S.K.: 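Just dropping this structure here.
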Number of protein chains: 2
Amino acid sequence: MTTYRIGQFAAKVGLSTYTLRYYEQEGLLLPHRDANDQRYYTEADVKWLIFILHLKGTGMTMSQLKTYVKLRAQGDATTDQRLVLLHDVASEAHAQIRALQNNLAVLEHKIDWYQGKVDATIAEDESFEAYLNRLDQEEKHD
Amino acid sequence: MTTYRIGQFAAKVGLSTYTLRYYEQEGLLLPHRDANDQRYYTEADVKWLIFILHLKGTGMTMSQLKTYVKLRAQGDATTDQRLVLLHDVASEAHAQIRALQNNLAVLEHKIDWYQGKVDATIAEDESFEAYLNRLDQEEKHD
DNA sequence: CCTTGCCTTAGAGTCCACTCGAAGGCTTAT
DNA sequence: ATAAGCCTTCGAGTGGACTCTAAGGCAAGG
């Protein structure tokens, strides 16, 4: 069974040893120790950390992650709470994607404009402005 | 013609007066002044600021925004540079959306799993893992 | 008249997630 | 044997974008 010392593990997952010790301190990832107290990580740790990184990549904060880990440690009784938490994170992420797409639409319209691809008729501009207003309204609904 | 004092403008655009003065200091938004040196903002400033906020919302940094504003101030000779800059920002934003969607896919799969909606057959799990590996590989291409 | 809002400069504080350094001491690899 | 890697604690530094305070003063509305 393959194991990794902290330096190898860091290289494998693309984090620094500092960060790994920091995550450990925060309770996110608890490696094993050998007879000399040296940390070692297993393939299971690789999978778990990659999952953590996916969660972080959705915008989940350290604090939410810590909550999640604590709930997990408490066993099956907390699956409902975990679900609520993950649903929150997911809907935040959806909102963020939507916001990004809206902002990007504006940016790309400006790019088109710079490239002279937009017919600069009053009608067109006005309809795009109306569209933007609608987007801005929608963002306020959050 | 409607104008706004800084407090009204702040309320209108949803920023603090601190932030508006900060943006001004950074050269992003330069309001007019009345006879007593009090700032006032026009409808054009509203539009410009909203555009700035859309750009910021795509992930464009202060520093990029400052570059953009400086180029703009230099006139038509810089449209090419502005286009390059905006293209960069747009492709970064696209990448960020893709990353978010990938991470969200993992999160939602986990949610499904919690809800018992996933057939926990070895085959299914393995194919999902293969899928994740593929996503992770793709992220490395950036 | 008095409160509220605005003006200035300059600097300090905040938040988040790391990131690093120091110091002293084991352990592992070549 | 020697270097490279790892161990600890603990505190300080980083970056980005604000966010706020202080101090002293002018200006408009009720």
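Chain letters run A, B, ... following the sequence lines, proteins first and then strands; every chain starts at 1. What you are looking at is a predicted structure, and each value in this text was computed from that prediction instead of being measured.
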S.K.: To the nearest 0.5 Å, how far apart are CD1 in A:Ile111 and NE2 in B:His87?
M.R.: 5.0 Å

S.K.: Return the value, rounded to whole Å, for the distance between atom CD1 of A:Ile6 and atom C1' of C:dT28.
M.R.: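 Distance check: A:Ile6 CD1 to C:dT28 C1' gives 16 Å.
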
S.K.: Do any side-chain nitrogens or oxygens of B:Arg21 fall under 4.0 Å of OP1 or OP2 in C:dC7?
M.R.: yes

S.K.: Please answer whether the main-chain N or O of B:Thr61 pairs with a side-chain N or O of B:Gln64 as donor and acceptor at a distance below 3.5 Å.
M.R.: yes

S.K.: Distance check, rounded to the nearest 0.5 Å: A:Leu15 atom CG versus A:Arg21 atom CZ?
M.R.: 12.5 Å

S.K.: On DNA chain D, reading 5' to 3', which nucleotide is the first and which the last to sit with an atom under 4.0 Å from a heavy atom of chain B, could you check?
M.R.: D:dA17 to D:dA28

S.K.: Counting N and O atoms only, with roles assigned by atom type, does the side chain of B:Asp34 sit under 3.5 Å from a partner on the main chain of B:Asn36, one being a donor and the other an acceptor?
M.R.: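 Side chain of B:Asp34 to backbone of B:Asn36, a donor-acceptor pair under 3.5 Å: yes, one is there.
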
S.K.: Can you tell me if A:Arg5 and A:Tyr40 form a side-chain donor-acceptor pair at under 3.5 Å?
M.R.: no

S.K.: Kindly compute the distance separating CZ (A:Arg82) from NZ (B:Lys110), expressed to the nearest 0.5 Å.
M.R.: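 Spacing of CZ (A:Arg82) from NZ (B:Lys110) equals 8.5 Å.
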
S.K.: Where do B:Arg33 and B:Glu24 land on the salt bridge (Lys or Arg N to Asp or Glu O under 4.0 Å) test, with the steps shown first?
M.R.: CA-CA 13 Å; B:Arg33 299 297 183 123; B:Glu24 182 176 345; 3.2 Å; yes

S.K.: Under the side-chain contact (heavy atoms from CB on, under 4.5 Å) test against B:Tyr41, which residue among B:Thr3, B:Leu30, B:Leu20, B:Thr2 passes?
M.R.: B:Leu20

S.K.: Can you list, by residue number, the residues of residues 30-46 of chain A that have a non-hydrogen atom closer than 4.0 angstrom to DNA chain D?
M.R.: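 Correct list: A:Arg33, A:Asp37, A:Gln38, A:Arg39.
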
S.K.: Donor-acceptor check, side chain of A:Trp48 to backbone of A:Leu28, threshold 3.5 angstrom: yes or no?
M.R.: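 Checking the backbone N and O of A:Leu28 against the side chain of A:Trp48, a donor-acceptor pair under 3.5 Å is found.
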
S.K.: Scan nucleotides 13-23 of chain C nucleotide by nucleotide, 5' to 3', and note B when protein non-hydrogen atoms come under 4.0 Å of the base, S if they reach only the sugar-phosphate, - if neither.
M.R.: ----SBSB---

S.K.: Between CD1 of A:Ile52 and NE2 of A:His54, what distance do you get to the nearest 0.5 Å?
M.R.: 11.5 Å

